[in-house]
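Hydrogens, waters and symmetry mates are skipped; everything else that's a heavy atom, side chains included, is used. Per chain, numbering begins at 1; letters A, B, ... match sequence-line order.
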Amino acid sequence: MGQQIQIQQQDFSVDAIYTAMRLEYGSDIGAIASFVGLVRDRNAVAGDGGDVQTLTLEHYPGMTEKSIQQILDHAEARWPLIATHVVHRVGTMAPSEQIVLVMVASAHRDAAFAGAQYVMDCLKTEAVFWKNEQSDLGQGWVESTNADKIRAKRWDD
Amino acid sequence: MGQQIQIQQQDFSVDAIYTAMRLEYGSDIGAIASFVGLVRDRNAVAGDGGDVQTLTLEHYPGMTEKSIQQILDHAEARWPLIATHVVHRVGTMAPSEQIVLVMVASAHRDAAFAGAQYVMDCLKTEAVFWKNEQSDLGQGWVESTNADKIRAKRWDD
Amino acid sequence: MSQHSAAESGVNIDVKFFASLREQVGVAELQINATNLAALLKELKTHLSDVGFDHLLSPNIRLAVNQNLVEGDWREAALVFAAGDEVAFLPPVTGG
Amino acid sequence: MSQHSAAESGVNIDVKFFASLREQVGVAELQINATNLAALLKELKTHLSDVGFDHLLSPNIRLAVNQNLVEGDWREAALVFAAGDEVAFLPPVTGG
């Protein structure tokens, strides 16, 4: 199984990652599910309605990679995946920029979809990142939501 | 809500569709979930193990578009989607070629994932296409599977 | 004084067969003169081989009239046709 | 005959604070001399403001030692440190 994890400040090309995955695994792949998270211009912090001007992601170098590695290991143990690729940006981003990519290849669509969704759910609740929103009304750390925790819980056996 | 449906013989660029969707809807979008189905080199017909050399998709011009339109309408009625785009190829394809793309944009990841998965499930069971596999052992029409029907049924209320 | 017979006063409809069914009946499209389902089936029986015709009636075959699926069991439906109607016999779909 | 006191014979560990917690304690990183959790907390209490220190103990703060999360409630864990250990206080994560 191919695993790739990138944590970086710069933007990424979904197309380059998709093309490389197809090239490497060719006709074993029957399904590729992808998810991209993007910066919205609505404020999540306290729902104060301020327009988001920038979003800053902080991480814990080393531990963050390890936390994502664990998530991918769990996903592979659970579904027959051919390749997984996660890119998560850190630093400061503007609305409509890409934040995160999860791409999962499998022989069949169920595993690809479930794997991608599982990895995203766990990125929200287990991967070591913190989000800070800067709006015209100030700045604030995004709180983890109960909805995210409940979503991640559905994968518990 | 933006809907696009393309049925075509020629291959498609996931990147062009992704780029156009981001450009059109900008920072309203918080999540884009995509699924691409590709031609595998394993034979599905009768599991006879013959290597797939080509796959041919037949459709019913006019009715096929209508059947996909209905699927997208149902998806939109169910989740708050910003844009949906389906490309389904017809004609003859070789292993590792792209067959189908579903791309769904939403403000939030749950709707994007659920919408994309729903549309794919329904494309399997409701969209008017027929698959014929040509392998070194002959040719055959792919049978619809019970697993696909059960998967589609989970969306019934 | 001579009138068209009942059969002659029927309307021409386009009948289409797809995928495996097209191969089984041996033809993609037929022009049939029929005003209702019973008449259509009667005509098809004369145009197709016995084996081909039997395939049309197999339980997993669906019928679309003017590209709209007939709900429920089409064999029990009171279908009446107008000139130029498009009637299609569809084997189970396998897209995606 | 003079021996190092217990505190002096402790080991130096790196203590890190992230995100909201970093802002609350007012520092990103401290070098602390402590051989176990109790000694670490005692030292931190002297280095941080009362308000900042209280934030460390709030129920949703997790602890990682050498980039491994301490399972269960770290406040109850029998943690012993070696020289160069990296101890991090982590507020709830919000990635993805």
Handout entry: Heavy-atom pair count under 4.5 Å with chain B, highest-scoring of A:Arg109, A:Gln117, A:His108, A:Met103
Key = A:Arg109
Practice task
Quick one: which of A:Ser96, A:Ser13, A:Ser27 has the most heavy-atom pairs under 4.5 Å with chain B, could you say?
Solution key: A:Ser27
Fill in the blank from the handout: When rounded to the nearest 0.5 Å, the distance separating CZ of A:Arg151 from CZ of B:Phe113 is 11.0 Å
Exercise for the section: Heavy-atom distances under 4.5 Å only: say whether B:Ala107 touches chain A with side chain, backbone, both or neither. Expected result: both
Practice task
Would you kindly say whether A:Gln98 and B:Arg22 are connected by a side-chain donor-acceptor distance under 3.5 Å?
Solution key: yes
Completion exercise
Looking only at B:Ala116, B:Ala112, B:Ala147, B:Gly37, most heavy-atom pairs under 4.5 Å shared with chain A are made by B:Ala116
Handout entry: Side chain / backbone / both / neither for A:Val36 at chain B, heavy atoms under 4.5 Å
Key = both
Handout entry: Nearest non-hydrogen partners of A:Ile29 and B:Arg40, listed with the distance
Key = O-CG, 3.6 Å
Problem - Among B:Gly30, B:Gly26, B:Ala31, B:Ala33, residue most engaged with chain A (heavy-atom pairs, under 4.5 Å) - result: B:Gly30
Handout entry: Passing option when B:Ile32 is tested against A:Leu101, A:Leu38, A:Val14 for side-chain contact (heavy atoms from CB on, under 4.5 Å)
Key = A:Leu38
Handout entry: Side chain, backbone, both or neither of A:Asp110 within contact of chain B (heavy atoms, under 4.5 Å)
Key = side chain
Practice task
Examine whether an atom of A:Ala94 lies under 4.5 Å from a heavy atom of chain B, and if so say whether it belongs to the side chain, the backbone or both; otherwise answer neither.
Solution key: neither
